[in-house]
Amino acid sequence: MNIYDLYLDKIKDIIIKINKDDLIKLPENLNGINVDIPPPNFNCDISTNVSMVLSKINKKTPLEIAEVLVKFIKQDDTNIENITVVKPGFINIKFKNYFWNNFVEKIITDHKNFGVNNKEKKKKYLIEFVSANPTGPLHVGHCRGAILGDVISNILIFNKHEVSKEYYVNDYGNQIINFTKSVFFRIKEILNNEKFPIENKDLYPGDYLIDIAKNIINNNKKLKFTNFDDVANDLTILSVAESLKLIKTNLQNLGIVHNKFSSETEIVNNNEVEKAIDKLKNKNLIYEGKIKAPKGEDDKNWIERKQLLFKSTEFGDDKDRALQKSDKSWTYFASDVAYHNNKLERNFDTLINILGADHAGYIKRITSVVEAMSGSKDKLICKVSQLVKLIKDDKPFKMSKRKGDYITVEDLISEVGKDATRFIMLNRSSDVELDFDFTKVKEKSKDNPLYYVQYCYARISSVFRHVNLDIKNDLNITKYNFNYSDAEIDILKKISEWPKCIEASSLRLEPHRIPIYLYELSSKFHSYWNMGKEDESKRFININKTISDDKLVFLKIISNTIKSGMNIVGVNTPEQM
RNA sequence: GCGCUCUUAGCUCAGCUGGAUAGAGCAUCGGUUUUCUAAACCGAGGGUCGGUGGUUCGAGUCCACCAGAGCGCACCA
């Protein structure tokens, strides 16, 4: 139940009706009209700007329009305690207790659907995220995008959409060859005591390769590791599989499970690249040509090559993009075009890609291709997650892939825990860089917003325990005839914002709004809890060691909302802390 | 040189697709435990929303220009 939409619809109905009676003129669209949360200290529950929007076309001041509308809004509405018109022309409405009782009853009897956005058309989404190269375990840099993608999926699923979570495995190309070679040298090191060529900058030096090498040796006794070219094919498959095993374990520890892993090699081998390029050829978007050096670039080092290009400039990109290398093998972009064609052929309504900030420059070309192939500009939405700045002992901590000294997801989780990792990574908008201070997160875990929200839930559970109820069970209440105090209504108002929070998160794919909302709700609850110290009537358990129905319902609603939000974030709500 | 993102309190950041008196946390200072969990609460100080113009009833939010920070810009993936 979304009380803001309820009144927005009502107000729109009213103005449409009195427009028909020629009492008022309407602008072309009514999108500017909203029903919102008023700032504190106005002593009202909801507020609308309708009279400001109608002011111009009617050539009347907002205050004059408001006076007319107020009459119609009040008419036959038993929910309204009073309605006032304020300064520029806001119409402020305060509800009767009766309204809040109704609200409470609705969301408690249908708690599973509270917050679900029913206005959205149910769609089929494909969300691609993580897609880290299968050359080793995940590190902290992958973590943010992974959690972002997972929680966006959770929000969409919460809103009853169909979602497929996918991982694109880049198991094709030079990096994989170098990776496989590295495994090969580690194997020779183990078997023949030949020193790993650490000076070769193309190789992967990380220690995890030793474990991968050991596993491969132990599980493949028949293979002979004498000549690289002889075992290259088998070893590539084995090495990638070992990497994916590590990655899947990392993801699982983060609480993330993908529905599908798509292999780049498979796409290339199935000739899907040719298929996709043919599609673009038919649209006259493929040609052989040369790319010019960008301005400002030293063009002495620039080698112009004739190659197969996609006309992404037709879609606003700054240059056309190469599909084929000079040795005629496909570029990464080419196989990604094929992968996106593959996605499109599986008939999803919307594709979402979660990318790291370092791949932001890639967005234009891939959205161009999808637009070209699908004919729709917003078929593919790319969401960028900015960098995570690691800080250790007040100093930035640089990760170096070369030296192999980077902090892995495993390190992170074993130090901070899955829940804190998820909550902290989400607590900021994905558009801004995130400071992740190891020493702080470790030392001051009590200042962690995660615990603040969990503690709220634990406090509520403790009340249920004291009166011999289980917080997990539904309540058995028939009469909703309560008289909530202002302090309680203040929290109910916050609860009423939950559907708005979900709507905004889902519409704009901004999951960070959820932890922030949960924090605010918890803050109000903690505040209320402490009032019980001064004011006996605000305590949940009374002198007879029982709890009144209104308080019980009140607590249940708060805990339901927190639980629901924490489920979306993907963290636990312990009943005791 | 070009593109993307950012600039809000001492620090880290919210600000719900243009609304009313711009909000939190941390830090600083001062308070609250015989009573449902103090992992909590209450209070105080702290602001030219990077700058300048523009759009309109109304701008932290939209547009233009400028300044600063980060990321990226070939056949890597």
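All of these numbers come straight from a predicted model, not from anything done at the bench. Here is the naming used below: chain letters follow the sequence lines, and residue numbers restart at 1 for every chain.
Atom name C1', nucleotides B:G72 and B:U12: the rounded distance is 25 Å, in whole Å. Atom C1' of B:G19 sits at a distance of 12 Å from the matching atom of B:G60, rounded to the whole Å. One P atom belongs to B:A27, the other to B:A74, and the distance between them is 45 Å to the nearest Å.
As judged by a 4.0 angstrom heavy-atom cut-off over every strand, A:Gln576 is placed among the base-contacting residues. Looking at heavy-atom distances under 4.0 Å, A:Lys319 makes contact with sugar-phosphate atoms alone, never a base. If you check every strand for non-hydrogen atoms under 4.0 Å, A:Lys545 touches nothing. Residue contacts shown for A:His512 are limited to sugar-phosphate atoms, with no base heavy atom under 4.0 Å away. Across all strands shown, A:Ser429 has heavy atoms under 4.0 Å from sugar-phosphate atoms exclusively, and none from any base. Nucleic acid contact for A:Phe333: none, since no nucleic acid atom lies under 4.0 Å from a heavy atom of the residue.
The base of B:A77 is not paired with the side chain of A:Asn133 by any donor and acceptor separated by under 3.5 Å.
For the residue pair A:Ser548 and A:Asp550, a side-chain donor N or O sits within less than 3.5 Å of a side-chain acceptor on the partner. Of the N and O atoms on the side chains of A:Asn117 and A:Glu120, at least one donor lies less than 3.5 Å from an acceptor on the other residue. Counted by atom type alone, A:Ser47 and A:Asp36 present zero donor-acceptor pairs between their side chains at under 3.5 Å.
Within 6.0 Å of the CD atom in A:Glu534, the count of heavy atoms belonging to other residues, nucleotides or ligands does not exceed 12.
Phosphate proximity of B:C73 to A:Arg365: absent, as no side-chain N or O sits under 4.0 Å from OP1 or OP2.
In this structure, A:Phe90 does not count as stacked on the base of B:G19 under the 5.5 Å centre distance and 30° plane angle limits.
In this structure, A:Tyr452 has its ring center under 6.0 Å from that of A:His526.
Look at CZ on A:Arg428: it is 10 Å from P on B:G15, rounded to the nearest Å. One atom, CD of A:Glu520, and another, P of B:C13, lie 18 Å apart when rounded to the nearest Å.
Taking the side chain of A:Asp358 as heavy atoms from C-beta on, and the options B:A77, B:C2, B:C71, the nearest nucleotide is B:C71.
Residue order along RNA chain B, read from the 5' end via each residue's closest nucleotide, puts A:Glu497 first among A:Glu497 and A:Tyr519.
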